[in-house]
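Notes follow once the structure below has been shown.
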Amino acid sequence: MIFWRAIAAAILLVTAPALLAGEIPPDARRSGYSFMGPDTRAMQDDDTSNPGMLFVLDGEALWSKKTGDAGKACADCHGDARSGMKGVAARYPAFDKALARPVTLDQRINLCRANHQQATPLPYESRDLLALSAYVAHQSRGISIAAGDDPQLKPFVDQGRDLFMQREGQLNLACTNCHDDNFDKRLAGAPITQAQPTGYPLYRLEWQTLGSIERRLRSCMSGVRAQAYDYGSPELVALELYLMSRARGLPMETPAVRP
Amino acid sequence: MVRSPVHIAALIAASLACSAHADELVPYTIVGDSIPQSLTGAPGDAARGRALVLARTTTCILCHSGPFPETRFQGDLAPDLTGAGNRWSASQLRLRLVDASRFNAETIMPSYYRNDGLVRVGRNFAGKPILSAAEIEDIVAFLATLRD
Amino acid sequence: MPTTRRQFLSLAGGVTVAGTIPIVTLRPLEATPAMLTTAIRNVVGEAPIRTGRVKLDIPPLVENGNTVPMTVSVASPMTAADYVKSIHVFNEKNPQPNIGNFYLNPASGRAQVSTRIRLADTQKVVAIARLSDDTFWQVMADIVVTLAACTEEMN
Amino acid sequence: MPALINVPAKAKRGDIIEIRTLTSHIMETGFRHTADGRLVPRDIITSFTCRYNGTEIFRADLFPAIAANPYLSFFTVAKESGKFEFEWMGDNGYCSTASASITVE
């Protein structure tokens with residue numbers, strides 16, 4: 001009896017993805033959507049009133065627009081995004097063999113521009129980059145997040161996790177202090193979420209525009225009075241990667257709407 | 001770390017006299033679980049303290065709630081401040097504001113009077129405590145009045 | 001309460017949780033009740049304003065004052081003989097008291113308009129309808145605006 | 001600037017139909033200041049008009065209190081097949097148009 005239990009336990013240990021201390025178990029993971037009021041949910045739910053869809057619309061036009069010295073459009077290599085890009089964003093950030101590190105969807109778009117279109121990179125948070133990234137990620141809407149599975153990503157996921165656990169700033173708080181330990185409580189009037197990155201780039205009412213997860217992370221860092229990492233820095237990429245792997249199984253919502 | 005009160009008084013006097021660098025903290029003496037002496041050498045102003053507790057910039061109200069009927073949005077991450085003056089003496093409150101991590105290394109309550117051992121502090125905050133000695137004293141004076 | 005008031009749309013977010021570096025200068029941006037009254041009188045003139053017939057759907061607790069969904073509807077048959085000519089929406093505490101004017105006609109079929117508005121703070125919103133007989137009807141709502149706990153510094 | 005227009009493709013004569021529009025615009029209020037104290041000039045859409053086969057059926061005056069990327073929904077009676085034309089006008093000579101068609105049976 002004890003023997004069988006031991007085996008069962010051993011099997012559980014091997015098959016269940018190792019859950020690190022303090023992490024939210026898969027069946028308790030909740031999108032930021034579930035923390036919102038009915039009016040903000042309604043804004044996200046209806047594509048004809050979701051302001052993020054304006055950017056998706058822009059992205060759709062950019063997808064087939066020829067650009068750069070090569071005079072090529074995204075569509076010239078990738079074809080119809082609705083089939084070709086389906087599920088792609090749910091696997092990002094992904095490992096890039098040539099660079100030997102993970103790259104975000106934004107970085108992948110700019111790598112494509114540099115390598116295949118011979119075009120200048122689009123600046124972080126620029127309308128065109130957000131629009132393209134929203135258009136690509138929108139093709140994964142409803143698909144479960146599956147980022148971080150590639151074993152080559154392991155050290156980068158670990159780095160992101162360490163950063164998530166690292167106290168920083170004058171207020172000396174780590175992401176985990178709020179988003180693992182205190183979600184569902186209220187910081188002043190605002191509910192604390194689990195920080196599941198299911199809908200990026202997303203339309204934040206506070207911003208009144210679409211923004212990337214990097215912008216959101218930087219604003220949290222400012223919140224604890226820490227020096228925010230630069231856009232595209234290895235730290236922000238690692239954090240995004242960890243957050244996406246932490247959200248595994250949750251469906252993508254791009255473009256989400258959040259307060 | 002324990003210094004004689006006379007020595008501290010002298011230091012405070014010195015810092016007032018030559019208006020010490022803003023980033024320097026007033027030294028304090030911990031006795032048991034308290035800091036018995038006012039950081040400024042004078043009692044704080046409870047009315048100013050109440051305003052500070054309610055100001056979002058000092059961050060208290062983001063996590064704590066309390067007997068503040070006019071303030072709509074109060075946090076619930078940390079204990080209600082109602083009755084804080086019954087539970088703690090002014091000296092105990094002072095140390096809890098200055099460095100709550102002394103009682104629990106895992107606490108989410110920031111150490112409000114500390115400027116070292118922190119990671120990646122934002123440019124505009126580097127080397128400064130969250131609250132000044134005078135602000136700490138005002139808040140201590142106010143919290144001490146919160147009796148059930 | 002200047003310490004808790006959010007600025008009317010701070011630039012790209014504005015201040016941190018700490019209210020550290022005000023990116024946008026704090027100014028007395030609040031409209032006064034007198035400004036609200038003036039704005040209303042500019043539309044209504046000296047006509048009396050009755051309460052009723054107008055419905056204002058707006059969340060009583062707003063998650064972010066930068067984008068607040070709002071629907072105004074008026075009980076009206078919307079016939080050539082009896083219809084809503086216009087709907088006017090005002091606020092109490094934004095820098096400017098006007099929000100929007102909406103012009104309808106019998107062909108509208110239903111006297112209902114939705115939009116998204118900005119509310120700088122917890123305040124009153126007033127919606128006034130002008131009917132085809134030039135009577136004015138109003139409704140008032142108190143809206144509580146949640147202040148963002150963390151906003152970002154401008155980079 | 002792109003706009004999202006939602007008009008039913010088909011309707012029965014006499015139906016009351018909802019029209020929804022969402023357009024890209026910053027709606028800069030004119031009340032904000034930069035860190036060095038300069039006023040950010042106002043840049044908003046000030047008026048919106050909808051015409052149904054040439055006849056104005058809805059018009060709005062917009063103020064700085066309208067949120068960025070203005071959303072408007074309103075109603076009209078479907079009376080004949082044809083075209084809805086939308087026009088947004090604003091500060092600095094801003095003008096943007098869109099259209100949608102409907103089949104009325």
Side-chain angles (χ1 to χ4, degrees), chain A residues 20-23 35-37 159-195 205-206 214-215 217-231 233-236 238-239 259, chain B residues 22-23 25 53-66 68-81 96-132 135-136:
Chain A
L20 294 155
E23 281 192 352
F35 294 82
M36 311 197 300
Q159 181 197 2
R161 183 175 188 275
D162 289 346
L163 288 164
F164 193 80
M165 303 295 164
Q166 164 79 60
R167 287 185 185 243
E168 61 171 17
Q170 194 195 32
L171 301 187
N172 202 27
L173 290 168
C175 314
T176 186
N177 293 144
C178 280
H179 299 291
D180 282 334
D181 301 341
N182 283 296
F183 64 81
D184 257 344
K185 293 198 179 147
R186 280 172 181 270
L187 193 62
I192 297 176
T193 68
Q194 291 183 351
L205 304 185
E206 174 68 24
E214 297 195 32
R215 180 172 180 186
L217 287 169
R218 284 166 54 85
S219 99
C220 258
M221 289 167 189
S222 299
V224 299
R225 305 184 187 180
Q227 196 61 52
Y229 296 102
D230 291 336
Y231 281 105
S233 64
E235 290 87 355
L236 286 185
L239 266 170
Chain B
D23 296 353
L25 301 188
V53 166
L54 294 186
R56 295 166 80 95
T57 50
T58 56
T59 73
C60 307
I61 203 69
L62 297 183
C63 293
H64 290 279
S65 54
F68 317 117
E70 79 277 29
T71 302
R72 224 179 297 256
F73 301 115
Q74 307 182 14
D76 63 0
L77 276 81
D80 192 303
L81 295 174
R96 276 155 183 80
L97 275 167
V98 163
D99 190 8
S101 71
R102 182 170 287 274
F103 301 100
N104 170 15
E106 302 297 308
T107 186
I108 55 166
M109 171 136 167
S111 299
Y112 282 86
Y113 200 63
R114 165 178 171 184
N115 64 357
D116 60 355
L118 300 169
V119 177
R120 286 189 72 82
V121 176
R123 243 192 324 270
N124 305 299
F125 305 99
K128 297 173 194 157
I130 304 169
L131 297 172
S132 70
E135 287 170 324
I136 298 265

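Values below: every heavy atom of this structure, side chains too, minus hydrogens, waters and symmetry copies. Below, chain A is the first sequence line, B the second, and so on; all start at residue 1.
- Interatomic distance, CD of A:Gln227 versus CG of B:Asn124, reported as 8.0 Å (0.5 Å rounding).
- Taking CD1 of B:Ile61 as the start and CG of A:Leu187 as the end, the distance is 11.0 Å to the nearest 0.5 Å.
- The distance from atom CD of A:Glu168 to atom CG of B:Leu118, rounded to the nearest 0.5 Å, is 11.0 Å.
- With hydrogens and angles ignored, the 3.5 Å screen pairs a side-chain donor or acceptor of A:Gln170 with a backbone N or O of B:Pro129.
- Considering SG of B:Cys63 and CG of A:Leu171, their distance stands at 9.0 Å, rounded to 0.5 Å.
- B:Arg120 is listed as a side-chain neighbour of A:Tyr229, based on a closest heavy-atom distance under 4.5 Å.
- The shortest distance between side-chain heavy atoms of A:Arg225 and B:Thr59 falls below 4.5 Å.
- Only the side chain of B:Arg114 comes within contact range of chain A, with heavy atoms under 4.5 Å apart.
- In terms of non-hydrogen atom pairs under 4.5 Å with chain A, the most contact-rich of B:Gly122, B:Pro110, B:Ser111, B:Ala78 is B:Gly122.
- In this structure, B:Asp76 contributes its side chain and A:Lys185 its backbone to no donor-acceptor pair below 3.5 Å.
- The distance from atom CD1 of B:Ile108 to atom CG of A:Asn177, rounded to the nearest 0.5 Å, is 7.0 Å.
- Both the backbone and the side chain of B:Ile130 come within less than 4.5 Å of a heavy atom of chain A.
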